[in-house]
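Comments concern the structure below.
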Amino acid sequence: MNTRSRLALLLMILLLLATSNPILAADAVKVKTPGKTDNTWKSGFSSNGERIYYTATSERGGVIKSHGIINDDGKEIAGPIACVSCHSPDGKGGKQVVNVGEGKMQAMDAKDVRWSVLKSNYNPKTFKKAVRSGKYPDGSPLKPDMPRYKISDKDLNDLIVFLKKLP
């Protein structure tokens with residue numbers, strides 16, 4: 001496992017532990033990315049989009065809140081949930097087991113969110129609709145395990161720029 005993957009795993013664990021406590025989630029972004037020295041933001045990420053993907057926090061406004069996930073017990077999971085938690089460090093997604101609160105884990109199948117894959121079905125406008133409202137471009141609902149985020153246009157634009165950089 002390379003350094004970036006280890007860091008992503010550490011961040012996922014920290015964020016899973018912190019989902020009910022936004023203060024802990026904000027503290028998790030203080031982890032530095034080893035080996036990055038040039039062009040890095042305060043948190044050690046190369047861009048705000050990368051920071052959002054890995055930590056569910058923005059350089060502009062702190063924790064990005066999510067809502068709308070219903071666990072197997074019918075309870076809503078709220079709090080900061082980073083993209084990497086489900087879609088993996090490389091953005092390819094796949095089968096994941098995620099913490100859904102109260103010490104419970106749930107299996108899910110996350111989509112590949114690399115822009116090279118998404119662009120065949122999404123444009124920036126429909127991607128923003130999916131992230132905010134949980135809707136496919138045709139208006140049908142995404143799976144209930146996809147969070148809905150309260151996120152600004154600027155932050156979503158930064159996230160798209162980051163997703164375009166994923167190979």
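Since we're looking at a predicted model, the values are computed, not measured. These numbers come from the heavy atoms of this one structure, side chains and all, not from hydrogens, waters or symmetry mates.
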Inset, instruction - Could you tell me whether Asp158 and Arg60 have a side-chain N and a carboxylate O separated by less than 4.0 Å? - result: yes
Legend entry - Results of side-chain contact (heavy atoms from CB on, under 4.5 Å) for Lys150 - residues two or more places apart only: His67
Legend entry - Residues in side-chain contact (heavy atoms from CB on, under 4.5 Å) contact with Pro124, at least two apart in sequence or another chain: Trp115, Ile160
Legend entry - Basic-acidic side-chain contact under 4.0 Å: Asp112, Arg114: yes
Legend entry - Val131 vs Ile151, side-chain contact (heavy atoms from CB on, under 4.5 Å): CA-CA, chis, key distance, verdict: CA-CA 8 Å; Val131 171; Ile151 183 171; 4.0 Å; yes
Inset, instruction - Measure the shortest side-chain to side-chain distance between Pro137 and Tyr122 over non-hydrogen atoms and say whether it is less than 4.5 angstrom. - result: yes
Legend entry - Distance (rounded to the nearest 0.5 Å) between Ile81 CD1 and Lys65 NZ: 13.0 Å
Legend entry - Side chain to side chain, Leu166 and Asp90, heavy atoms closer than 4.5 Å: no
Inset, instruction - Inspect the contact between Arg51 and Asp155 and indicate whether a charged nitrogen and a carboxylate oxygen are less than 4.0 angstrom apart. - result: no
Inset, instruction - Answer yes or no: is there a side-chain heavy-atom contact under 4.5 Å between Phe127 and Leu163? - result: yes
Legend entry - Distance-minimising heavy-atom pair for Lys111 and Tyr136: CE-OH, 4.0 Å
Inset, instruction - Report yes if some heavy atom in the side chain of Val113 is under 4.5 Å from a heavy atom in the side chain of Leu118; otherwise report no. - result: yes
Inset, instruction - Look only at the side chain of Thr55 and the backbone of Thr57, and say whether a donor-acceptor pair between them is shorter than 3.5 Å. - result: yes
Legend entry - Exceeds 12 heavy-atom contacts within 6.0 angstrom, atom NZ of Lys128: yes
Inset, instruction - Look only at the side chain of Tyr54 and the backbone of Pro89, and say whether a donor-acceptor pair between them is shorter than 3.5 Å. - result: yes
Legend entry - From SG (Cys83) to CG (Leu159), nearest 0.5 Å: 5.0 Å
Inset, instruction - Find the distance between NZ (Lys135) and OG1 (Thr126) and round it off to the nearest 0.5 Å. - result: 14.0 Å
Inset, instruction - Nearest 0.5 Å please: distance from the SG atom of Cys86 over to the CE atom of Met108. - result: 4.0 Å
Legend entry - side-chain contact (heavy atoms from CB on, under 4.5 Å) between Arg132 and Leu156, intermediate numbers included: CA-CA 10 Å; Arg132 288 185 179 133; Leu156 273 170; 3.6 Å; yes
Inset, instruction - Measure the NZ-NZ distance between Lys164 and Lys119 for me, rounded to the nearest 0.5 Å. - result: 9.0 Å
Inset, instruction - Take the angle between the ring planes of Tyr53 and Phe162 and call it parallel below 30°, perpendicular above 60°, tilted in between. - result: tilted
Legend entry - Heavy-atom donor-acceptor pair, Ser133 side chain to Ala130 backbone, under 3.5 Å: no
Legend entry - Distance, nearest 0.5 Å, that separates CE of Met146 from OG of Ser66: 9.0 Å
Inset, instruction - Could you verify whether a donor N or O on one side chain and an acceptor N or O on the other, from Asn48 and Lys154, lie under 3.5 Å apart? - result: no
Legend entry - Joint cluster assignment, Val161 & Val84, ILVMFWY side-chain distance < 4.5 Å: no
